[in-house]
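In the text below, chain A, chain B and the rest are named by the order of the sequence lines, each starting its count at 1.
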Amino acid sequence: MNTYTAGDITLEQVREYVWEIPQEGDMGTPARVFASEELLEQIADDKTLEQLKNTTHLPGVQKYALCMPDGHQGYGFPVGGVAGIDAENGCISPGAVGYDINCGVRMMRTNLTYDDLRGNEEELVDALFANIPSGLGGGGVVEGDIDAVNDVLDRGMAWALDEGYATEADLAHCEDEGVRQESDPSAVSQKAKDRGKNQLGSLGSGNHFLEVQRVTDVFREDVAEAYGLSEDQIVVLIHCGSRGLGHQVCNDYLRKIEKTHSGLLSKLPDKELAAAPAGSQLAEEYYQAMGAAINFAWVNRQLIMHRTRQVFERVFGQSWEAMEMELLYDVAHNIAKKETHDVNGEEKELFVHRKGATRAFPAGHPEVPGAYLDVGQPIIIPGSMGAGSYVLCGGEESMNLSFGSTAHGAGRVMSRTQAKKDYWGGDVQDELEQEQIYVKAQSGATVAEEAPGVYKDVDEVVKVSDALGIGDKVVRTYPVCNIKG
DNA sequence: ATGTAC
C-alpha cells in the first residue's frame, strides 16, 4: 500500500486522490484527505493534518472527518474541513464553522462580452472601488439601525426583497433561497448587532473581493448552457461574509461554550474545538445565532450586488436588466446545517459542518434550485486574483464521499506575515496590469497578503474535485478588474 | 476572517 508520512502522521492511500489517517487511540473515526501528492506536500509541514485528526475526537462524528483538496490549517479545525456530526447525540462546534460565518461567494452573469469591456477597465475598476465600501471598520451600502439589523438577522434576503434591494429571481438563485429559517436575532448579542449595523453591504478586508471576470473555457456545454454561461462572457464574482457581526457571534459562543461545557472540552485534544452537546441550550442558541449571521452575510452580498448593478448602469449607460445582470448562484463556504445523510445504510440527521468547503449537491437533489435540478447545483471556486476561478456543478459522488461537499478555493500556502515579507503591493499590482488585470485596494499590504503566489494552484484543486466526482468542471474564468479591502 | 489585542 502507498503511504505518505508527514511528521508523526502516516496516511494510507485508499485510491487515487484519497488518503486516510487510520483510526487509532482515541480517534472516533478515521480521517480522509482528498488530494494529489502535490497538494499533500503543501500541508505536510503545518498543523492541517494534526487538526484533521483532532476533529475525529468531537463526539458524534460520522464515517470520517474530511479535508478537501484546498485544505490548510485554521482555528482548531482545518479550513477545507468537513464533518458530519450526529445532530441528536453528537455536538456542534463554532470552530468547525469558522469565525466568518457564511463567508461565501456569488456569481452574477451579464450579457456583456470581453470586447464590450476592453478599454473601460480602469473606469470600471475606479467606479466599483469608489462605490462599494471595503476595508476594515464601518460604512456600508445601507446605513442600518438596530431594527433593520434585527429584521435582516431574522429574514435574510426576504428583507432585501421587501426593501427593494433584491428581486424574486435573486432569492430563487441563492443557497437556501437566501434565508436560514432557524435563526433567532435574540440569540445574537447587542455588541454583535452594534458591530454589524453600519456594515450592511461592505466587502471587508483580507481575502474578500469583488472581481469582474471573463469566461475563458467551457468544459461542459450542457451544464454551462443551463447556468447561462458561455465563452468571452463577463461575469462578476463577490466574495465576502458576515463582517464584524459574524466574528462577534463566533467569539461570544466560543467563550460561553468553553465555560459551560468544560467537561466536554477537557476530553478534546484542542481547546479551539470547543463544542456544545447536541440538545443542550447552547447548541440550540448557537445554531440560531449562527443562522442569524448567515442571513446577515447573504444580505451583505446582495447589497453589494445591488450596488454593482448600479455602477454598471452608470459606466455602460444601460439598465442592469438590459445587461441581464442576473444572479447565477450564491454559495456559503462557512456554515453548519442540519441535513439528512445516508450513514452506512441508515438515514441520519447530521450537523454538517463545512468550514472553507462548499455544498455540492448533485442533479436531482431536492435542495437544488428548480432551474438547475437536472444538472446539479452551481459551485463557485474563487482562485487568486492572478489565476481566475471556476464554476463547477455538484457531482454524483458527493453524497457518498463528502456529505455533499467539495473545495471552496485555492487555499493559502503562505502566511499573511510571510506574504508581506515576500511581496510589495504596488509591484504585485504592476505585474497584474501587464496581464490586463486591474486591481484597486484600500491597502497595499492587503494586495501583498493576497498576491497570486500565496495560493495553491486552483487548477490542481479543481482537478481533484473533478476526478473524484464530487464537483465537476463547468467553466473557468480569468480576472479583469478586482477591488478589495 | 476581525474595531489585526486580553
Q | Contacts of A:Arg301 that satisfy salt bridge (charged side-chain N to carboxylate O under 4.0 Å, His left out) - sequence neighbours left out | A | A:Asp330
Whole-Å distance separating the [atom1] atom of [X] from the [atom2] atom of [N]:
| X | N | atom1 | atom2 | answer |
| --- | --- | --- | --- | --- |
| A:Gln418 | B:dT4 | CD | C1' | 18 Å |
| A:His247 | B:dA5 | NE2 | P | 11 Å |
| A:Ile101 | B:dT2 | CD1 | C1' | 12 Å |
| A:Tyr75 | B:dT4 | OH | P | 17 Å |

Under 4.0 Å between any heavy atoms, over every strand shown, what does [X] touch: base, sugar-phosphate, or nothing? Just pick one.
| X | value |
| --- | --- |
| A:Gly206 | sugar-phosphate |
| A:Gln199 | sugar-phosphate |
| A:Lys420 | nothing |
| A:Ser205 | sugar-phosphate |

(Q) Tell me which pairs pass side-chain hydrogen bond (donor to acceptor under 3.5 Å, both in side chains) where either residue lies in residues 64-76 of chain A, with sequence neighbours left out. (A)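 Passing the test, one end in residues 64-76 of chain A: A:Asp70-A:His408.
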Q) Which pairs pass side-chain hydrogen bond (donor to acceptor under 3.5 Å, both in side chains) with one or both residues in residues 473-485 of chain A, sequence neighbours excluded? A) A:Glu211-A:Asn482, A:Gln213-A:Thr477, A:Tyr390-A:Arg476, A:Asp459-A:Arg476
Q. Would you say the side chains of A:Thr56 and A:Thr29 form a donor-acceptor pair under 3.5 Å?
A.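 Result is no, nothing qualifies.
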Just distance, no hydrogens or angles: give the donor-acceptor pairs under 3.5 Å from side chains in residues 130-144 of chain A, sequence neighbours left out.
| from | atom 1 | to | atom 2 | distance (Å) |
| --- | --- | --- | --- | --- |
| A:Asn131 | ND2 | A:Ala127 | O | 2.7 |
| A:Ser134 | OG | A:Gln442 | NE2 | 3.1 |

Per-pair distances, 0.1 Å, donor-acceptor, side chain in residues 267-278 of chain A, under 3.5 Å, sequence neighbours excluded:
| from | atom 1 | to | atom 2 | distance (Å) |
| --- | --- | --- | --- | --- |
| A:Asp270 | OD1 | A:Glu272 | N | 2.9 |
| A:Glu272 | OE1 | A:Gly76 | N | 2.7 |

Q. Based on Watson-Crick and G-U pairs with both distances under 3.5 Å, what dot-bracket line describes DNA chain B 5' to 3', crossing pairs as [ ] and inter-strand pairs as |?
A. ......
